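Just so it is clear, the model here is predicted, and its values are computed rather than measured. Ligands are counted one by one from 1 in listed order, and the atoms in each one are counted from 1 as well.
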Amino acid sequence: MSSTNPVAVVTGASSGIGAVYADRFAARGYDLVLVARRIERLHKLAETLSAKHGIGVRPIEADLTDEAGLIRVEELLRSDERVAVLVNNAGNGKLSSTAAMSDMDTAATIALNVVAPTRLARAVLPGFLKRDTGAIINIASVMAFQALPITTLYGATKSYLLSFSRGLLGELAATGVRVQAVLPAGTATEFYDHGGIPLSAFDPAAVMTTEDLVDAALAGFDQGEEVTLPSVHDSGLWTAYDEARAALFGATQVGVPAPRYIQA
Ligand SMILES: NC(=O)c1ccc[n+]([C@@H]2O[C@H](COP(=O)([O-])OP(=O)(O)OC[C@H]3O[C@@H](n4cnc5c(N)ncnc54)[C@H](OP(=O)(O)O)[C@@H]3O)[C@@H](O)[C@H]2O)c1
């Protein structure tokens with residue numbers, strides 16, 4: 001890619017939400033770096049998007065649970081000064097109780113949902129800070145604040161991503177670098193088939209299309225939102241939730257046990 005277009009790096013671009021992010025950033029004039037394991041899908045998407053939008057696309061085959069794959073993407077993020085956006089979208093989650101989940105699935109979910117976005121953010125941040133511009137979009141989930149018996153690990157990883165995003169927001173407040181955490185609810189993708197429960201098992205009325213999800217998330221991004229809940233109509237609910245969180249934290253800063261814990 002020898003253009004001067006800014007570059008958007010989208011992980012998990014071979015299907016679902018990531019593929020739509022790729023299309024939308026291409027439509028905004030970004031060149032793309034698309035990351036996933038299914039390279040043939042990335043090549044096909046690259047062909048479609050470069051023909052449709054006249055932009056450059058570089059597909060990278062990488063398993064982000066694997067050290068070599070992660071390093072390949074980290075190197076790109078560190079070295080390409082045109083990188084302006086990182087969408088940490090790749091994620092997985094076997095829907096299972098903690099005891100029933102295999103060691104391999106447990107490790108893969110933590111590696112993909114926690115370690116990979118953290119390391120990729122760390123790789124891109126020095127360049128963003130040097131240029132005083134750039135954006136990290138972390139695709140978390142509404143399961144960040146709701147645990148179900150089959151989503152314990154998945155929800156915990158998404159809580160991490162929300163907390164990580166919020167921590168970064170504080171660190172970067174005085175800079176030109178932006179962070180947005182996106183919290184989708186049910187969205188029609190392959191996620192559920194990979195997770196072990198087909199999408200058809202869910203109430204269709206509660207499931208959003210990938211296009212609606214990404215367009216709403218990008219509208220939130222354009223409005224400067226830090227945390228975006230595309231399906232929540234009453235934005236006051238998040239404000240109340242966050243104010244309660246801040247009040248709870250404030251109430252912890254007293255240095256003495258609460259009377260109910262003082263034994264006679
Ligand atoms: N769908 C929902 O209801 C929903 C709700 C809330 C949040 N989310 C989040 O949205 C994000 C995107 O998921 P989706 O719903 O669009 O599902 P999806 O269609 O299954 O997409 C997942 C993407 O992640 C990639 N991926 C999976 N394992 C990978 C690995 N080891 N290394 C590199 N890439 C890997 C997949 O590509 P390859 O298989 O080709 O590697 C695919 O491109 C995830 O973080 C998910 O947690 C989804």
Does Arg37 come within less than 4.0 Å of Glu61, counting only side-chain N to carboxylate O?
no
Side chains of Ser3 and Asp31 only: does a donor on one sit below 3.5 Å from an acceptor on the other?
yes
Can you name the atoms of ligand 1, numbered from 1 with element, that are less than 4.0 Å from a heavy atom of Ala62?
32 (N), 33 (C)
For ligand 1, is there an N or O atom under 3.5 Å from any N or O atom of Ser141?
no
Residue pair Thr228 / Gln180, side-chain donor-acceptor N/O under 3.5 Å:
yes
Checking contacts here: is it the side chain or the backbone of Ala19 that comes within 4.0 Å of ligand 1, counting heavy atoms only? Could be both or neither.
neither
What is the nearest protein non-hydrogen atom to atom 21 (O) of ligand 1, stated with its residue, atom name and distance?
Ser15 OG, 3.3 Å
If we count only N and O atoms by modelled type, under 3.5 Å, do the side chains of Ser165 and Asn138 hold a donor and an acceptor together?
yes
Does Gly186 have a heavy atom less than 4.0 Å from any atom of ligand 1?
yes
Could you tell me which atoms of ligand 1, counted from 1 in the order shown, lie closer than 4.0 angstrom to a heavy atom of Gly16?
16 (O), 19 (O)
Between Met143 and ligand 1, which residue portion shows a heavy-atom distance shorter than 4.0 Å: side chain, backbone, both, or neither?
neither
Just jot down the ligand 1 atoms closer than 4.0 angstrom to any heavy atom of Asp63, in number order.
30 (C), 31 (N), 32 (N)
Gly12, any N or O under 3.5 Å of ligand 1 N or O:
yes
Do Thr151 side-chain atoms and Tyr154 backbone N/O form a donor-acceptor pair below 3.5 Å?
no
Atoms in ligand 1 flagged as close to His194, the criterion being non-hydrogen separation under 4.0 Å:
20 (O)
Top protein contact for atom 32 (N) of ligand 1, by heavy-atom distance
Leu64 N, 2.9 Å
Of the backbone atoms (N, CA, C, O) and the side-chain heavy atoms from C-beta on, which set of Leu112 has a member under 4.0 Å from an atom of ligand 1: side chain, backbone, both, or neither?
side chain
Is the NZ or CZ atom of Arg24 positioned over Tyr30's six-membered ring, under 6.0 angstrom from the centre and within 45° of the axis?
no
What residues, two or more places apart in sequence or in another chain, satisfy salt bridge (charged side-chain N to carboxylate O under 4.0 Å, His left out) together with Arg41?
Glu190
Which is it for Asn89 and Thr11 under the side-chain hydrogen bond (donor to acceptor under 3.5 Å, both in side chains) test, yes or no, and what are the steps along the way?
CA-CA 5 Å; Asn89 165 75; Thr11 68; 5.3 Å; no
Sub-4.0 Å heavy-atom approach of Met208 to ligand 1:
no
Pairing of Arg72 and Asp63 as salt bridge, 4.0 angstrom limit
no
For Arg131, is the CZ atom crowded, meaning more than 12 foreign heavy atoms sit under 6.0 Å from it?
yes
Of Tyr21, Phe202, Tyr192, Phe191, the residue with the heavy atom nearest atom 3 (O) of ligand 1 is Tyr192
Nearest non-hydrogen contact with atom 48 (C) of ligand 1 belongs to which option: Leu213, Thr187, Ile17?
Ile17
Does the residue Asn92 have a heavy-atom contact with ligand 1, meaning some pair of atoms that are separated by less than 4.0 Å?
no
Minimum distance, heavy atoms only, to atom 35 (C) of ligand 1: which one of Gly195, Gly91, Ala111, Ala90 is it?
Ala90
No-hydrogen, no-angle side-chain donor-acceptor test under 3.5 Å, Ser15 and Arg38
yes
Under a 4.0 angstrom heavy-atom cut-off, which atoms of ligand 1 come close to Ile139?
9 (C), 10 (O), 11 (C), 45 (O)
Would you mind reporting whether Val10 and Val35 have side-chain heavy atoms less than 4.5 Å apart?
no
Ligand 1 contact on Ala13 by region, counting heavy-atom pairs under 4.0 Å
backbone
Write out the residue and atom name of the closest protein heavy atom to atom 14 (P) of ligand 1, then the distance separating them to 0.1 Å.
Thr189 OG1, 3.4 Å
Is ligand 1 under 4.0 Å from a heavy atom in the side chain of Arg41, in the backbone, in both, or in neither?
neither
To the nearest 0.1 Å, how far is atom 12 (C) of ligand 1 from its closest protein heavy atom, and which atom is that?
Asn89 OD1, 3.1 Å
Identify, for atom 39 (O) of ligand 1, the protein heavy atom at the shortest distance, and state residue, atom and that distance.
Arg37 NH2, 2.9 Å
Shortest protein contact, atom 37 (O) of ligand 1 (heavy atom only)
Ser14 OG, 2.8 Å
Using a strict cut-off of 4.0 Å, indicate which atoms of ligand 1 neighbour a heavy atom of Thr65.
31 (N)
Of all the atoms in ligand 1, which lie at a distance below 4.0 Å from a heavy atom belonging to Tyr154?
6 (C), 7 (C), 8 (N), 9 (C), 46 (C), 47 (O)
Should the heavy atoms of other residues, nucleotides or ligands under 6.0 Å from CD of Gln263 be counted, would the total exceed 12?
no
Does even one non-hydrogen atom of Ala185 get within less than 4.0 Å of ligand 1?
yes
If you measure from the Lys or Arg side-chain nitrogens to the Asp or Glu carboxylate oxygens, is any gap between Arg28 and Asp222 under 4.0 Å?
yes
Would you call the rings of Phe145 and Trp238 parallel, tilted or perpendicular if under 30° counts as parallel and over 60° as perpendicular?
tilted
Should Lys130 and Glu81 count as an ion pair when the cut-off is N to O under 4.0 Å?
yes
Within-shell test, Ala140 vs ligand 1, heavy atom, strictly < 4.0 Å:
yes
Suppose we measure from atom 6 (C) of ligand 1 to each protein heavy atom; which comes out shortest, and what is that distance?
Pro184 O, 3.3 Å
Kindly determine whether Thr118 and Tyr160 satisfy side-chain hydrogen bond (donor to acceptor under 3.5 Å, both in side chains), including the steps that lead there.
CA-CA 10 Å; Thr118 307; Tyr160 169 84; 2.8 Å; yes
